[in-house]
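Accompanying notes for the structure given below.
Note that ligands are numbered from 1 as they come in the structure, with each ligand's atoms numbered from 1 the same way.
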Amino acid sequence: MASASSQSVHRATTTAPVNIAVIKYWGKRDTTLNLPTNSSLSVTLSQRSLRTLTTASCSANYPAEDTLNLNGKPQEIQSSKRTLACLSNLRALRKSLEDADASLPKLSAMPLRIVSENNFPTAAGLASSAAGFAALVRAVADLYSLPQSPKELSRIARQGSGSACRSLMGGYVAWRTGELADGSDSLAEEVAPAAHWPEMRALVLVVSAEKKDVPSTEGMQTTVNTSELFAHRAKTVVPERMNAIEAAIRDRDFPKFAEITMRDSNTFHATCLDSWPPIFYMNDVSRAAVRLVHDINQAVGRTVAAYTFDAGPNAVIYYEEKDEELVAGTVKAILGADTTGWEGPFYEKLANVSAPGVSLDKIDSRVVSGLKEGVNRVILTGVGEGPISVQDHLVTETGEMVNN
Ligand code: ADP
Ligand code: DP6
């Protein structure tokens, strides 16, 4: 944290999680402030599996320009309006602290050196931008000793990437669309902490895409401008679903949570198909995952699993820990235990399971072969906490980058 000397290097380091929405953010009503057309809600995923680690540092001795190094590579932040917006907002907050208290070191006047690492593939549809911008905002806010709450900081992170505002908190997080033109009421807030419903698990099926998807920023604007279905979803469908899913979370009602999650993913992808020209994020492997979940639920006789898809073909399957064998056990039997990613902090109970929880003759055979062929990696994780302040800095006391 900041020391009194103006010559020294000041540092703060944080981790931040990925989040996967169950009510999707899709559409902006203001592209500069990054204000959404509808509220959204997500589950924060455990940082024991996926996390960004970011050190923010500043020093009067650094060269004049702010820098960001991501996974060992310098980033062109001077041309990234989003990163610049986050940094200038954070600096302004620090400056107001310094103006009110002359004894504070003038950190706002010093260049920033930010170093970050994602422990999972960047820009591969695994929500690195959400974890990345949340970590950046949290680390700089800590460096500057800002008193703002995570909810207040979400106003800044949202300008980096909309979904990033939900990664500043753990558990179950809503991003309220807000009504004000300046966006001051478009903020994320915790609906329930992870400890309220800690049994929630998420199994990510990583599907290789043949070609790059339409980036979400671009895709959502095409939808806003061309889809007739879109306005109905934003105005009518989402507000009802937000109320219903918040009640399901409050009551830990998995079947209700699951149905809303699946329906909202489907509605979101329907608005993509309704865009002109149409946008396809899901592919044949994604559709096999949809079918698998419906087949498992049908075979079990109750809803034990829910799928959701972001702007890409990867499937995220939510389930409760008590149904691990039925859901993840069946996926493991289909894909094989040697698929990359099974091992890890959430694998313990599943390690000794080799028989499918649901007999494979209850699953469409094309689903089994489609998944076997198209899923090249899994990530087994669960609901988790928000950003955590840590001491394993990626910048040394003298300002050099740590080589990992
Ligand atoms: P993803 O599907 O992984 O979110 P995107 O293409 O939407 O992929 O976002 C990737 C972009 O997010 C990167 O090019 C970078 O600008 C930003 N980003 C990712 N990780 C970080 C990080 N750790 N720190 C800062 N920015 C990051
Ligand atoms: C489908 O947050 O990546 O994952 O604000 O333009 O950076 P920008 O978009 P981004 O969009 C996320 C879209 C989504 C749904 C969601 O996470 O809610």
Side-chain angles (χ1 to χ4, degrees), residues 14-45 50-56 67-77 79-87 114-140 157-167 173-175 177 186 188 204 206 209 212-221 223-224 238 261 264-265 267-269 271-272 279 281-282 308-314 316 387 394:
T14 189
T15 65
V18 160
N19 72 78
I20 298 293
V22 290
I23 302 290
K24 303 295 186 191
Y25 148 53
W26 197 251
K28 302 176 200 285
R29 64 175 200 275
D30 181 318
T31 50
T32 310
L33 294 170
N34 218 13
L35 302 178
T37 47
N38 61 266
S39 296
S40 57
L41 194 144
S42 58
V43 179
T44 298
L45 300 186
L50 307 176
R51 59 120 192 87
T52 293
L53 176 67
T54 298
T55 297
T67 59
L68 166 66
N69 187 293
L70 171 57
N71 295 331
K73 293 197 189 85
Q75 305 292 299
E76 292 281 335
I77 55 168
S79 58
S80 165
K81 279 198 194 131
R82 294 164 165 230
T83 311
L84 296 181
C86 291
L87 297 182
I114 303 169
V115 180
S116 183
E117 283 173 1
N118 299 330
N119 74 343
F120 59 93
T122 299
L126 294 172
S128 72
S129 54
F133 277 106
L136 180 131
V137 168
R138 184 71 265 174
V140 177
R158 180 240 295 145
Q159 296 173 58
S161 183
S163 51
C165 74
R166 300 184 311 239
S167 273
V173 183
W175 173 15
T177 177
S186 184
V204 186
V206 183
K212 185 116 184 68
D213 313 317
V214 181
S216 42
T217 307
E218 186 189 320
M220 63 177 84
Q221 279 328 94
T223 306
V224 170
V238 168
T261 296
D264 197 68
S265 176
T267 313
F268 151 49
H269 289 279
T271 67
C272 292
I279 304 165
Y281 287 120
M282 293 168 67
T308 187
F309 298 83
D310 279 348
N314 298 338
V316 177
L394 296 172

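Among protein heavy atoms, the minimum distance from atom 20 (N) of ligand 1 is reached at N118 ND2, 3.0 Å. Here the heavy atom of the protein found nearest to atom 23 (N) of ligand 1 is S116 OG, 2.7 Å. With hydrogens left out, the protein atom closest to atom 8 (O) of ligand 1 is A123 CA, 3.1 Å, a heavy atom. Among all non-hydrogen protein atoms, the one lying nearest atom 11 (C) of ligand 1 is S129 CB, 4.2 Å. Shortest contact from atom 13 (C) of ligand 1 to any protein heavy atom: T122 CG2, 4.3 Å. From the protein, the heavy atom lying nearest to atom 21 (C) of ligand 1 is G132 CA, 3.5 Å.
Listed by number with element, the atoms of ligand 1 under 4.0 Å from a non-hydrogen atom of T52 are 23 (N).
Comparing N314, L136, L70 by heavy-atom distance to atom 15 (C) of ligand 1, the nearest is L70. Checking S163, S128, G125 against atom 19 (C) of ligand 1, the nearest heavy atom belongs to S128.
Inside a 4.0 Å radius of atom 2 (O) of ligand 1 there is at least one protein heavy atom.
For the atom pair CG of N38 and NZ of K28, the computed distance is 11.5 Å after rounding to the nearest 0.5 Å. The structure places CG of L70 at 8.0 Å from OG1 of T52, a figure rounded to the nearest 0.5 Å. Between atom CG of residue N119 and atom CG of residue L50 there is a gap of 6.0 Å, rounded to the nearest 0.5 Å.
A side-chain contact (heavy atoms from CB on, under 4.5 Å) with T223 is found for exactly one of V214, I279, T37, namely I279. Under the side-chain contact (heavy atoms from CB on, under 4.5 Å) rule, L87 has a single partner from L68, V140, V137, which is V140.
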Report all side-chain donor-acceptor pairs from residues 121-130 shorter than 3.5 Å, counting only partners two or more places apart or in another chain.
unit_1: T122; atom_1: OG1; unit_2: N71; atom_2: ND2; d: 3.0
unit_1: T122; atom_1: OG1; unit_2: N118; atom_2: ND2; d: 2.9
unit_1: S128; atom_1: OG; unit_2: A123; atom_2: N; d: 3.3

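D264 pairs by the salt bridge (charged side-chain N to carboxylate O under 4.0 Å, His left out) definition with R233, R241, not counting sequence neighbours. Evaluation of the salt bridge (charged side-chain N to carboxylate O under 4.0 Å, His left out) rule for R166 yields no partner, not counting sequence neighbours.
In terms of heavy atoms, F309 sits closest to S265 at N-OG, 3.1 Å. Residues A164 and A134 share a closest heavy-atom pair of O-CB, 3.7 Å.
Heavy atoms of L126 found under 4.0 angstrom from ligand 1 belong exclusively to the backbone. Under 4.0 angstrom from ligand 1, there are no non-hydrogen atoms of T54.
Note on ligand 1: A127 sits in its first shell, one or more heavy atoms being nearer than 4.0 Å.
Note: W26 and F268 have tilted aromatic rings, judged against thresholds of 30 and 60 degrees for the angle between ring planes.
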Test log, rule side-chain hydrogen bond (donor to acceptor under 3.5 Å, both in side chains), inputs R29 and S186: CA-CA 11 Å; R29 64 175 200 275; S186 184; 4.9 Å; no

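In this structure, ligand 2 sits under 4.0 Å from heavy atoms belonging to A21, K24, Y25, W26, K28, N34, R82, S161, G162, S163, R166, S216, T217, M220, F268, D310, A311.
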